[in-house]
4 protein chains.
Amino acid sequence: MEDKQTFIAEARREQIIKAAIEVLKEIGYVSTSLAKIAKKANISTGLISYHFSGKEDLMNNTLMYLVEQEWEFINKCVIQKQTATEKLTAFIEASLAYQVTNKANNIALIEIVFNARTPDHTPYYLLEDEEEDLKTSLLGEILRQGQESEEFGDFSPQVISTIIQGAISESMLTFQNKLSVEEYKETLIKIILRIIN
Amino acid sequence: MEDKQTFIAEARREQIIKAAIEVLKEIGYVSTSLAKIAKKANISTGLISYHFSGKEDLMNNTLMYLVEQEWEFINKCVIQKQTATEKLTAFIEASLAYQVTNKANNIALIEIVFNARTPDHTPYYLLEDEEEDLKTSLLGEILRQGQESEEFGDFSPQVISTIIQGAISESMLTFQNKLSVEEYKETLIKIILRIIN
Amino acid sequence: MEDKQTFIAEARREQIIKAAIEVLKEIGYVSTSLAKIAKKANISTGLISYHFSGKEDLMNNTLMYLVEQEWEFINKCVIQKQTATEKLTAFIEASLAYQVTNKANNIALIEIVFNARTPDHTPYYLLEDEEEDLKTSLLGEILRQGQESEEFGDFSPQVISTIIQGAISESMLTFQNKLSVEEYKETLIKIILRIIN
Amino acid sequence: MEDKQTFIAEARREQIIKAAIEVLKEIGYVSTSLAKIAKKANISTGLISYHFSGKEDLMNNTLMYLVEQEWEFINKCVIQKQTATEKLTAFIEASLAYQVTNKANNIALIEIVFNARTPDHTPYYLLEDEEEDLKTSLLGEILRQGQESEEFGDFSPQVISTIIQGAISESMLTFQNKLSVEEYKETLIKIILRIIN
DNA sequence: CATGAATGAGCATTCATTCAT
DNA sequence: AATGAATGAATGCTCATTCAT
């Protein structure tokens with residue numbers, strides 16, 4: 001009985017989160033309201049407040065959901081590979097592919113990260129992740145492994161990680177029409193591999 | 001006479017824009033309201049509507065102001081140099097330096113770009129700049145010059161430009177405490193120069 | 001259950017409409033605001049927006065309510081009579097009586113009709129009624145019936161209808177103290193009957 | 001010198017009044033603001049406040065201007081005639097003609113009469129004219145003259161005056177497309193003359 | 001578990017008016 | 001005589017949240 005209720009509750013929460021993602025993509029964080037999310041999910045406003053403690057809580061849960069989704073996709077591609085070089089290549093390829101394939105998710109994530117703030121007004125994008133940002137740490141691990149196995153040369157993992165992450169994020173803003181994903185992917189991987197070898 | 005009035009109006013507009021930047025930095029785009037900007041500037045709410053046609057107009061003008069400020073700072077550093085290599089180095093150094101020195105401006109700019117949307121809900125960060133983003137085109141010009149003078153080797157300017165821009169933007173989010181600006185600056189420049197030569 | 005909720009909502013809507021009528025009568029359309037209506041109804045401003053989609057919607061619903069009220073009163077008097085002559089007499093008597101007895105309603109109706117405009121600024125008083133103004137059509141029907149039964153003579157129903165309607169409307173503005181309703185009623189009926197026979 | 005100033009001032013006042021009439025016609029009393037009138041007149045907002053003591057004062061002056069214009073037009077037609085019958089015919093014809101020809105004036109007048117209220121909220125349309133409404137008194141005079149000369153029969157001038165006035169006012173709302181002015185004019189005059197003879 | 005009703009605060013905007021110049 | 005700058009109040013409206021049912 002309790003399981004059933006929990007199951008229903010969990011399904012509702014996901015339904016609400018998915019509606020939130022859709023609304024975030026369509027009209028952006030600023031215009032997104034609980035009322036609009038409720039309308040999109042075809043439920044009453046009050047129900048959101050029942051399942052989440054407030055707007056902030058819903059946004060946090062949506063963010064977690066989005067980060068997990070992305071992490072799972074990328075990780076699934078990476079763990080299939082053996083060498084650090086292959087893993088790094090897979091990481092970059094998967095990251096770019098995810099952005100193209102799951103555009104709604106990607107935009108919703110941006111909307112939350114760059115708009116939400118903690119109650120004391122610290123922006124999420126400047127927040128120190130206590131438990132290190134998931135995706136970064138995946139990348140960090142790959143770089144570390146490559147250096148330990150002496151596949152990669154000597155470089156600051158933090159710097160290279162930032163460059164790679166930046167190259168991935170920035171691409172999204174340029175892809176619109178100036179840049180083909182395929183060309184970018186190939187060139188970027190070539191360059192990164194050249195740097196770290 | 002007319003000049004004086006225009007002067008007063010122009011001063012007011014700048015005062016309001018500066019108050020907007022401050023508020024944007026402090027509480028973020030979502031929480032920023034005309035009332036709070038007015039309070040920060042110690043003027044009445046109505047006066048903002050008198051000098052700007054609305055909130056959107058104020059935000060657009062603030063964005064233009066911020067982009068111009070950054071462009072002027074970077075450009076001043078770049079035009080002093082002769083060779084493309086020197087110019088590129090100066091561009092990266094200046095870009096990183098500006099972010100560190102003018103943090104309020106930088107955050108306000110992020111807040112607007114990642115939160116504002118056009119009336120039909122297109123996010124600014126996905127907007128095609130008709131007149132090519134100023135800063136990008138400055139970088140684009142440097143890269144082009146370097147290739148024409150055969151200082152630089154053969155590469156896609158669009159890809160390299162995206163990587164450089166991404167490396168600069170991303171750094172801001174990592175600097176907080178994990179990464180020293182100095183180390184990042186030196187390493188990044190070294191890497192970029194290696195890539196394009 | 002659902003009926004009960006609908007009932008509550010319907011009661012609220014009528015409560016709000018009645019408050020609107022009161023305020024319209026007291027201070028006129030121009031000064032009437034949702035805040036003042038809410039205060040009169042002892043509810044919060046937001047509740048009005050919850051039950052009506054906006055000020056325009058509330059005014060339209062209030063107008064419909066007023067037109068219906070008047071139509072019902074007059075129709076109740078008219079359908080009791082058999083001949084067209086009796087019906088016409090009843091129509092005029094009832095119209096004049098309604099204006100005297102329900103002054104608040106009458107003024108509120110005038111306030112809306114002569115002050116509200118469609119979003120493209122067409123005044124309501126110049127609006128073409130697609131479904132023919134109710135009251136006019138009631139009068140039109142009586143006149144048509146009288147001509148068909150040859151109770152009345154030959155005349156343009158549109159012209160006569162306009163004259164009767166004008167005589168009723170105009171009276172309201174003159175009754176104040178210059179004219180007794182009784183005298184006007186008797187004389188007007190006598191004249192109209194003379195014209196159309 | 002003083003004459004010149006007064007002359008300029010008088011011209012300005014008329015310019016402002018004419019702009020007010022135009023705006024009233026276009027967007028209605030409710031949406032009409034001093035700012036919009038100023039814009040239409042291509043002057044500054046403050047200038048209106050300089051020439052009129054406030055919005056109410058401007059509206060009162062505009063109303064007076066409109067009433068005078070109409071009275072002059074109708075009176076010019078009436079005084080040319082000798083007999084009361086001719087005068088009454090001329091009065092009705094002129095009244096209807098004025099409404100058709102000077103539609104902007106007519107609408108502006110309606111907008112003011114049915115929207116403006118005294119500071120204690122009495123609507124203008126219910127106001128007792130101390131100095132008897134100009135137009136009514138013109139009509140009243142004609143009726144009185146006709147009875148004194150025994151051109152007209154015995155009837156209550158107040159009732160007949162109200163009917164005539166109502167028939168004229170109401171026509172405006174029906175003319176839109178259901179009723180030809182010519183037909184209405186002829187029929188109305190015929191009917192009225194029949195009544196009073 | 002879910003709803004619809006309700007609140008009160010906050011929003012951007014417009015307004016009539018004032019005033020120094 | 002005329003302007004543009006400025007105010008403060010009021011407008012319609014939306015919001016996140018609460019609560020009885």
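Chain letters run A, B, ... following the sequence lines, proteins first, then strands; residues in each count from 1.
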- If you measure from the Lys or Arg side-chain nitrogens to the Asp or Glu carboxylate oxygens, is any gap between D:Glu111 and C:Arg117 under 4.0 Å? yes

- Query: How many Å lie between CD1 on B:Ile8 and P on E:dT21, as a whole number?
  - Reply: 9 Å

- Write down the distance between NZ (C:Lys39) and C1' (E:dT7), rounded to a whole number of angstrom. 16 Å

- Task: Answer yes or no: is there a donor N or O on one side and an acceptor on the other, between the side chain of C:Thr62 and the main chain of C:Leu58, under 3.5 Å?
- Result: yes

- Query: Reading nucleotides 10-17 of chain F 5' to 3', which nucleotides get B (base under 4.0 Å from a protein heavy atom), which S (sugar-phosphate only), which -?
  - Reply: -SSSBSSB

- Task: Starting at atom CG of D:Asp57, determine the distance to atom P of E:dA16, rounded to an integer number of angstrom.
- Result: 14 Å

- Would you please confirm or rule out a distance under 4.0 Å between OP1 or OP2 of E:dA2 and any side-chain N or O of A:Arg12? yes

- Item | Distance in angstrom units between D:Tyr29 OH and E:dC15 P, rounded | 14 Å

- Task: Answer yes or no: is there a donor N or O on one side and an acceptor on the other, between the side chain of B:Glu22 and the main chain of B:Lys40, under 3.5 Å?
- Result: no

- Could you please name the partner base of F:dG8, counting Watson-Crick and G-U wobble pairs only when both distances are under 3.5 Å? E:dC15

- Message: How many whole angstroms separate atom CD1 of B:Ile48 from atom P of F:dA5?
- Response: 15 Å

- Message: Donor-acceptor check, side chain of D:Asn61 to backbone of D:Asp57, threshold 3.5 angstrom: yes or no?
- Response: yes

- Query: Atom CG of B:Leu47 to atom C1' of F:dA9: distance rounded to whole Å?
  - Reply: 15 Å

- Would you mind pulling out the nucleotide paired to F:dT21, Watson-Crick or G-U wobble, both distances under 3.5 Å? E:dA2

